[in-house]
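I have placed the structure first, in the form of structure tokens, so that the comments after it can refer back to it.
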Amino acid sequence: MRDHPLLEGMNQQQVAAITAGAGPVLVLAGPGSGKTSVLTRRIAWLIHEERIPHHRIMAVTFTNKAAGEMRTRVEALLGKPLRGMQLGTFHATCARFLRYEAESAGYRPDYVIYDSDDQVTLVKQVVKTLGMDPKRFNPRAILAKISGAKNEMILPAQYRSRDYFGEIVKQVYASYQQALHDANAMDFDDLLLNMVLLLRENDRLREYYQQRFEYVLVDEFQDTNHVQYELVKLLAAPQNNVFVVGDEDQAIYAFRGADYRNVLRFQESYADASVFLLEQNYRSTQNILDVARAVIDRNRHRTPKALHTDQGPGARANVFEAFDERYEAENVLERIQQLRMQEGLDYKDFAVMYRTNAQSRAMEQTFVNAAVPYMLVGGVGFYKRREVKDLLAYLRLVHNPDDRVSFERVINVPARGIGKKSLAAFTNWVASESLSIGEALNRIYYDDPSPLGSAAKKKFAAFAAMLSNWQEMAKVGDLLNMFDRITAETGYYLYLEAISKMPEEAVERADNVGELRGLLGYAMEYEQPLPEFLAEQSLVADVDSLKDDNDAVTLMTLHAAKGLEFPVVFITGLEAGILPHFRSFEEAGGIEEERRLFYVGVTRAKRSLHLSYAFRRALYGGTGGLAVPSEFLADLPPHLLDGSPTTLATLRRAQSIESQTQWDSPPQPLSRLQRDLQSGAVSKPNERLRKKIIPFPGVQKTADNVSGFKVGAPVSHKQFGLGKVIGVETGGIVSVLFEEHGPKKILADADGFTALDE
């Protein structure tokens, strides 16, 4: 049968999946196993061999791009256009159906679809109508809860609150839905939910759509949520000719509502389903696949896959230990240059991956300094990010209060009640009196005559007073405290929550602020004054355009890497708290999702894999404390790795990842790995740099040191103020999300750090 044109080049398991008979089919496709080819050839096989009319086939995927590529491939296989075949995203498919069935759903056919900005505007209106303060209750946070409820098919009347904020969400949810209906509008979640409700409640429509589509096919099934799963079940019944392709090991979008357990539910819903494992990989060498298996085999509730390849064993994965993120970036650059010379590779053959966008800064700066072209995927260059530009503008204004561009950027960011008229009056006064910005602020500060009204004058005077205090701190080189005063006195972290579409985005923005703070910490460490620091940052930011080269190194987060492949992959920042991320410590299943994320990164590599971690990292602000290598490294057998034997032996003795989770045993005393790291006895590389490590005072702690700090508990710190515990680590380290200073790691017995009564 393999001689058939539609089966040419396919292996035995692929052929079996493509030619499977009627009924439910589950294809568990490992990375690089040709799942897209299987799915498109399955559609072509149904049309060409099974004689299924193409308009009676529905295929859904998650992006318009993927849907377009799928249609193009099927048409190329069949050699003809397929007008009328229902192939698109879940949302586009439901939007099309609801145009015809709008009246049955209680809408007019000309209903509009609200985008995220429209939704925020509407929630703000609802909050005000209910007599609430939009500044106190973040509209985007409320929307995130409403979206989560809709994805779980929870209607306003069924919504149950667990706390005070939940009560607010419950009230807003009901009024928000009514406001949408009154405007003849749906949001993106409504498109799916309303279609499912229609199919459930309207027998006539359910029978019509079930008869219309004889076969239903779904790509990336592990990324479906509850409402999407129900939609597929309803449309596929009663014949249940449903063909789904997925891999629970590559489920990395839980933060978007995706539930990898749908793969398991499918087998429960369809006990007679045919299951095919695609285990042959056409992308990577065997050593890379073995590293990937060592990573993912620790996860529960999954189907084991014996990934194998004909690409040969290949090189062992390299593990590198760096002193800090700058040396890590320099090592990446050095290896790239070596491999280009030795193997004739282009820059575009390399990808550098990391857990958070904030980690790109060190890489960007190193590549810019070396004039190496790079391209940022799935993010904005560090120095082009809104929060970074805002705070650099504050710093420039501290250095030069006459900087008009910086002044106009931050005078009302965050909002301090200075309206356009007041700002225009100020700038007109500056121009008419031939004053500089600094001189004008100085006059207002000392209450000299000005044309401003009393209310506006008071607000400008308050800003001038803060600026004066920040300048005094800069003069004595107290840059970190100055930075913390800027973010605290302006309420900048609260502002980040207000401008972020999702809570996760606010945390990511806070990480970027922490990265900038870390740079200031380095400046203080090397006694670099503020003017030199700003000149250095401006130099890097101004040459960002270097990355607009087609032959460029790719920089990306691990979340953005899915679906891509590169000859050489670097995964950086393999440290506890980064990968796995500290937020995963308090979430059920969080560590397993982080492991899947690492697995996805590893399996992007075709020929060469490089893993690295740093002894200290300034990602969360400050000059960078002692970092602990990721426990994921301890999962990797030494025979698959190149690196210091002592390091690898020590990592294998590190405590298991379960001891880092908050739902298992309480924190344990320092592992041997942590003790060795502290004493500098891990390995010989970077010995000169290791001597520069500042001892981490009081790090040898038992579980008693952190017994007073529980995840979710309120705390107080004399410098950072009020916050909430988000993680408790071994070594007496407590991760806290402060209200005004973002995420920090604090020693449990630090002076002025106390747990508050809940």
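Small disclaimer: the values here were computed from a predicted structure and weren't measured.
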[X] side chain near [Y] side chain, heavy-atom distance below 4.5 Å:
| X | Y | result |
| --- | --- | --- |
| F598 | L579 | yes |
| V352 | V553 | yes |
| Y270 | V242 | yes |
| L180 | Y114 | yes |
| T93 | M58 | yes |

Donor-acceptor contact below 3.5 Å, side chain [X] vs main chain [Y]:
| X | Y | value |
| --- | --- | --- |
| N194 | L191 | no |
| T309 | Q286 | no |
| R200 | M195 | no |
| E75 | L82 | yes |
| R607 | V568 | no |
| E207 | R204 | no |
| T603 | Y599 | yes |
| R71 | M85 | yes |
| K170 | Y159 | yes |
| Q280 | H308 | no |

Can you tell me how far the [atom1] atom of [X] sits from the [atom2] atom of [Y], to the nearest 0.5 Å?
| X | Y | atom1 | atom2 | value |
| --- | --- | --- | --- | --- |
| I43 | I18 | CD1 | CD1 | 11.0 Å |
| L155 | Q177 | CG | CD | 8.5 Å |
| N357 | H559 | CG | NE2 | 11.0 Å |
| W45 | T40 | CH2 | OG1 | 14.0 Å |
| L98 | S104 | CG | OG | 10.0 Å |
| H91 | F188 | NE2 | CZ | 7.5 Å |

Least distance between heavy atoms, [X] atom then [Y] atom:
| X | Y | value |
| --- | --- | --- |
| M153 | E230 | SD-CG, 3.6 Å |
| R604 | A561 | CD-O, 3.2 Å |
| D272 | P24 | OD1-CG, 3.5 Å |

* Would you mind telling me which of R293, K305, R595, R596 makes a salt bridge (Lys or Arg N to Asp or Glu O under 4.0 Å) with D249? =>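 Exactly one option meets the salt bridge (Lys or Arg N to Asp or Glu O under 4.0 Å) with D249, and it is K305.
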* Asked: Between T356 and Q359, is any side-chain donor less than 3.5 angstrom from a side-chain acceptor?
  ->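 Note: T356 and Q359 side chains meet the donor-acceptor criterion.
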* Does any donor atom in the side chain of R42 or S37 lie under 3.5 Å from an acceptor atom in the other side chain? ->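 No - no donor-acceptor pair under 3.5 Å links their side chains.
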* To do: Dump the intermediate steps for side-chain hydrogen bond (donor to acceptor under 3.5 Å, both in side chains) on Y260 and D247, then the final yes or no.
  => CA-CA 8 Å; Y260 77 96; D247 181 10; over 6 Å; no
Using a strict 4.0 Å threshold on nitrogen-to-oxygen distance, state whether [X] and [Y] make a salt bridge.
| X | Y | answer |
| --- | --- | --- |
| E505 | R509 | yes |
| E594 | R355 | yes |
| K348 | D551 | no |
| D349 | K606 | no |
| E220 | K562 | yes |
| R300 | E592 | yes |
| E565 | R283 | yes |

* side-chain contact (heavy atoms from CB on, under 4.5 Å) between I142 and V127, intermediate numbers included -> CA-CA 10 Å; I142 294 174; V127 168; 4.1 Å; yes
Do the ring planes of [X] and [Y] sit parallel (below 30°), tilted (30 to 60°) or perpendicular (above 60°)?
| X | Y | answer |
| --- | --- | --- |
| F570 | H610 | parallel |
| H48 | H4 | perpendicular |
| F221 | Y229 | tilted |

* May I have the step-by-step check of ring pair (Phe, Tyr, Trp, His ring centres under 6.0 Å) for Y107 and H181, ending in yes or no? => CA-CA 7 Å; Y107 291 82; H181 190 270; 5.1 Å; yes
* To do: Please assess R41 against T36 for the test side-chain hydrogen bond (donor to acceptor under 3.5 Å, both in side chains), listing each intermediate value before the final yes or no.
  => CA-CA 8 Å; R41 289 168 189 258; T36 304; over 6 Å; no
* Asked: Given D259, which of R265, H226, Q228 fulfils the side chain to side chain donor-acceptor pair (under 3.5 Å) condition?
  ->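 The option that passes is R265.
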* Yes or no on ring pair (Phe, Tyr, Trp, His ring centres under 6.0 Å) for F97 and Y209, after CA distance, side-chain angles and deciding distance? -> CA-CA 9 Å; F97 293 164; Y209 282 100; 4.8 Å; yes
* Checking side chain to side chain contact (heavy atoms under 4.5 Å, CB included) against I57, which of L87, I47, V74 comes through? ->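 Looking at L87, I47, V74, the match for I57 under the side chain to side chain contact (heavy atoms under 4.5 Å, CB included) is I47.
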* Among L39, L231, T61, V232, the one residue meeting side chain to side chain contact (heavy atoms under 4.5 Å, CB included) with V218 ->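 Among L39, L231, T61, V232, the one that satisfies the side chain to side chain contact (heavy atoms under 4.5 Å, CB included) with V218 is V232.
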* For N11 and Y282, what are the C-alpha separation, side-chain angles and deciding distance, and is it a side-chain hydrogen bond (donor to acceptor under 3.5 Å, both in side chains)? -> CA-CA 11 Å; N11 63 41; Y282 294 93; 2.8 Å; yes
* To do: Step through the shown structure and confirm whether more than 12 heavy atoms of other residues, nucleotides or ligands are within 6.0 Å of NZ on K145.
  =>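 Not more than 12 within 6.0 Å, no.
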* **Exceeds 12 heavy-atom contacts within 6.0 angstrom, atom CD of Q158** =>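 Check passes, neighbour count above 12.
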* Asked: Does NZ or CZ of R261 come closer than 6.0 Å to the centre of the six-membered ring of F266, within 45° of the ring's axis?
  ->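 Judged by the rule, R261 and F266 form no cation-pi pair.
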* Report the C-alpha distance between K35 and D219 in whole Å, list the side-chain angles of each, state the deciding distance to 0.1 Å, and finish with yes or no for side-chain contact (heavy atoms from CB on, under 4.5 Å). => CA-CA 9 Å; K35 73 174 183 64; D219 192 15; 3.0 Å; yes
* List the steps, then state whether side-chain contact (heavy atoms from CB on, under 4.5 Å) holds for F350 with T554. => CA-CA 6 Å; F350 299 89; T554 301; over 6 Å; no
* Begin from the C-alpha positions of S33 and N281 and carry the test side-chain hydrogen bond (donor to acceptor under 3.5 Å, both in side chains) through to its verdict. => CA-CA 5 Å; S33 61; N281 178 283; over 6 Å; no
* Begin with the C-alpha distance, continue with both residues' side-chain angles, and end with the deciding distance and a verdict on side-chain contact (heavy atoms from CB on, under 4.5 Å) for V227 and E152. => CA-CA 6 Å; V227 69; E152 292 298 321; over 6 Å; no
